[in-house]
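Data block below; observations after.
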Amino acid sequence: MRNSRAWWPLAGLLAGAVGLALSYAAAALLHVRDSPVVAVAEGITALTPGKVAKWAIDTFDTTDKKVLVLGILVVLAIVFAWLGRLAHRRWWAAMTGYVVLAGIGVLAVVTKPTPSLVDLAPVVVGLLGWVVVLAVLAEWLRRWELVEESEDPAAEPMHTRRHFFVAAGATAAVAAAGGLIGRVASNARRRAEQSRRLLRIEGVTAPVVPDGVSVGVEGVSPWQTPNDDFYRIDTAFIKPTIAPADWELRIHGMVDRELRLSYADLVRREIAEDWITLNCVSNEVGGDLIGNAWWSGVRLAAILAEAGPKDGADAVLQTSEDGWTCGTPLAALMDERNAMLAVAMNGEPLPIEHGFPVRTIVPGLYGYVSACKWVVDMEVTRFDEITAYWTEKGWAEHGPVKIASKIEVPRNGADVPAGEMVCAGVAWFQHTGISAVEVQVDGGRWQRARLAATPNIDTWVQWRVVLDVEPGDHQLRVRAVDTDGRTQTGAVADVLPDGATGWHTVEFSAG
Ligand SMILES: Nc1nc2c(c(=O)[nH]1)N[C@H]1C(S)=C(S)[C@@H](COP(=O)(O)O)O[C@H]1N2
Ligand SMILES: [Mo]
């Protein structure tokens with residue numbers, strides 16, 4: 001095989017391997033549930049008529065996807081080698097082949113129950129890997145070929161040939177490294193996911209939605225936000241995967257006694273539970289960065305009291321396993337409210353994306369100053385001595401939530417029948433509470449809405465009102481009133497530095 005032509009299929013095979021390995025690594029690191037190949041395997045299983053799938057599973061005597069995945073890999077190897085050969089004379093045909101393969105991956109991924117943009121990243125990474133590696137190897141093969149065809153007796157094929165083999169070896173190493181990274185990352189994820197599934201935390205109860213919290217209007221967010229629908233905000237490109245047995249929280253700084261808590265130490269304590277609404281400072285007026293869940297955890301007041309904060313301390317600098325930080329007012333962690341080290345969300349161990357195994361939840365503060373996910377370190381300190389991740393970037397040091405309200409029905413731009421119209425939504429002012437919600441049509445008089453029940457002052461409240469609307473285009477606004485009788489301001493402020501203000505407004509048309 002001293003002839004360059006014979007090596008094009010190998011180049012194709014290597015390019016294919018690199019792309020697959022990189023996409024596997026990307027899937028594992030980004031915690032995409034499955035690599036594209038596994039997603040394709042699942043897609044094939046789903047599309048296979050029940051009988052055939054059952055026959056295949058019985059015949060191979062295995063219920064997992066391994067056989068199918070292996071089969072797909074064998075088919076892919078043949079296709080990759082063939083694409084490599086094709087690339088010799090018809091470069092664009094090979095590229096089209098890659099795009100078709102990536103297209104199958106995209107299809108398999110987007111037809112999953114809850115696809116998101118991140119899920120596509122592994123496919124994109126894989127496609128890039130194929131194209132780049134094949135281009136590099138093809139370049140060396142072409143030089144080799146030129147030398148072969150040259151009439152010049154001084155031309156030495158050895159040299160270019162060696163270059164190709166070095167490049168091929170490096171490619172194989174990249175593929176192996178990608179595969180290894182993927183393996184390690186997906187193992188870590190699997191271990192954390194497994195220990196999470198097996199966890200039974202004494203004292204954690206299943207949520208029971210209180211009576212009367214819903215106004216029963218379709219289109220209004222469910223009062224309890226399911227974990228899968230709960231908004232997610234963090235800076236962690238790669239989510240920490242911490243097994244509970246490996247978790248430890250260190251509480252230190254301006255304290256009388258430094259504390260180190262293991263997961264077992266933590267959950268041995270009394271579990272507190274409550275409904276708490278969490279929202280993000282970057283939530284625009286009318287935005288979706290808010291959710292309400294049944295949180296279970298251990299109250300921080302008692303733990304911090306045990307550590308004994310020294311006089312003059314007014315802040316706790318929290319650090320997560322991935323190095324994110326936030327500064328939380330010490331008072332908010334120690335007063336009567338349910339500030340907690342949460343271990344469960346809606347009755348289940350925290351999902352990895354929401355901070356497994358332990359995160360902080362503080363009613364009445366925006367997430368960026370309080371709700372540290374994957375929390376591992378708490379330093380009792382003073383605000384004038386610290387900066388944290390977001391305060392360094394210009395966000396406010398203290399982040400108490402602001403009163404807010406949102407119209408969810410009708411939607412902006414809706415067409416509704418003229419006459420009686422149901423209008424509904426949510427309002428919130430955690431740890432202060434909402435006493436009234438008012439809506440206004442076309443700048444007219446403010447009309448009171450009916451409020452649904454709430455179990456405490458830390459959750460959002462649903463509201464509804466029936467309005468009489470004339471045919472034509474209208475503008476609807478909402479504002480809330482807190483339990484001290486203060487009305488939500490209509491002054492418009494941007495989310496930076498400490499949260500948006502202004503009345504949520506929707507336009508609709510009645511006819
Ligand atoms: N470790 C870590 N914790 C974090 C963040 C983060 O980037 N990293 N973001 C915070 C912000 S800005 C918000 S609004 C909440 C969001 O929590 P959720 O993703 O569980 O909804 O987490 C907070 N905790
Ligand atoms: Mo946030």
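Numbering of ligands and ligand atoms starts at 1, following listing order. For clarity, every value in this text was computed on a predicted model and none was experimentally measured.
Compare C372, G367, S370 by their heavy atoms: the one nearest to atom 11 (C) of ligand 1 is in G367.
Atom numbering of ligand 1 starts at 1 in the shown order; those under 4.0 Å from a heavy atom of R232 are 19 (O). Interface atoms of ligand 1 facing W374, defined by a heavy-atom separation under 4.0 Å, are 1 (N), 2 (C). Annotation for ligand 1: atoms under 4.0 Å from non-hydrogen atoms of D322 are 1 (N). Atoms of ligand 1 lying under 4.0 Å from at least one heavy atom of Y368, given by number and element, are 11 (C), 12 (S). Those atoms of ligand 1 that come under 4.0 Å of a heavy atom in F230, given as number and element, are 21 (O). Atom numbering of ligand 1 starts at 1 in the shown order; those under 4.0 Å from a heavy atom of S320 are 1 (N). Annotation for ligand 1: atoms under 4.0 Å from non-hydrogen atoms of C280 are 14 (S).
Ion pairing between E193 and R190 fails under the 4.0 Å rule for side-chain N and carboxylate O. Of the charged side-chain nitrogens involved, none lies within less than 4.0 Å of a carboxylate oxygen, so that E353 and R359 do not count as a salt-bridged pair. Between E270 and R299 there is no salt bridge, since no side-chain N of the basic residue sits under 4.0 Å from a carboxylate O of the acidic one. Remark: E258 engages R250 in a salt bridge, criterion side-chain N to carboxylate O under 4.0 Å.
When hydrogens are left out, the protein atom nearest atom 9 (N) of ligand 1 is I233 O, 3.3 Å; that is the closest non-hydrogen contact. In terms of protein heavy-atom proximity, atom 23 (C) of ligand 1 is nearest to A371 O, 3.4 Å. Counting protein heavy atoms only, atom 3 (N) of ligand 1 is closest to K373 N, 3.0 Å.
By the 4.0 Å heavy-atom criterion, E321 is excluded from the residues contacting ligand 1. Residue contact check for ligand 1: A236 places no non-hydrogen atom closer than 4.0 Å to it.
Listed for the T241 side chain is no donor-acceptor partner under 3.5 Å among the backbone atoms of K239. Side-chain atoms of N292 never come within 3.5 Å of backbone atoms of W460 as a donor-acceptor pair (strictly under, hydrogens ignored). Between the R260 side chain and the E248 main chain, no donor and acceptor come within less than 3.5 Å of each other.
Only side-chain heavy atoms of W324 come within less than 4.0 Å of ligand 1; its backbone N, CA, C and O stay farther off.
Sorted by first then second residue, the salt bridge (Lys or Arg N to Asp or Glu O under 4.0 Å) pairs that include residues 494-506, not counting sequence neighbours, are K402-D498.
Aromatic ring orientation, W275 versus W294: tilted (interplanar angle from 30° to 60°). Relative ring orientation between H354 and F230 is described as perpendicular, the plane-to-plane angle rising above 60° on a 0-90° scale split at 30° and 60°. Under the 30°/60° scheme for interplanar angles, the aromatic rings of Y263 and W247 are found to stand perpendicular.
Distances between N or O atoms of E353 and those of ligand 1 include no value under 3.5 Å. For ligand 1, the polar-atom distance check against H354 finds a nitrogen or oxygen pair separated by under 3.5 Å. Some N or O of R359 is nearer than 3.5 Å to an N or O of ligand 1, by distance alone. At a 3.5 angstrom cut-off on N or O pairs, L278 does not count as close to ligand 1. Residue Y231 places at least one N or O, backbone or side chain, under 3.5 Å from an N or O of ligand 1.
Ring pair Y98/W130: centre-to-centre distance below 6.0 Å.
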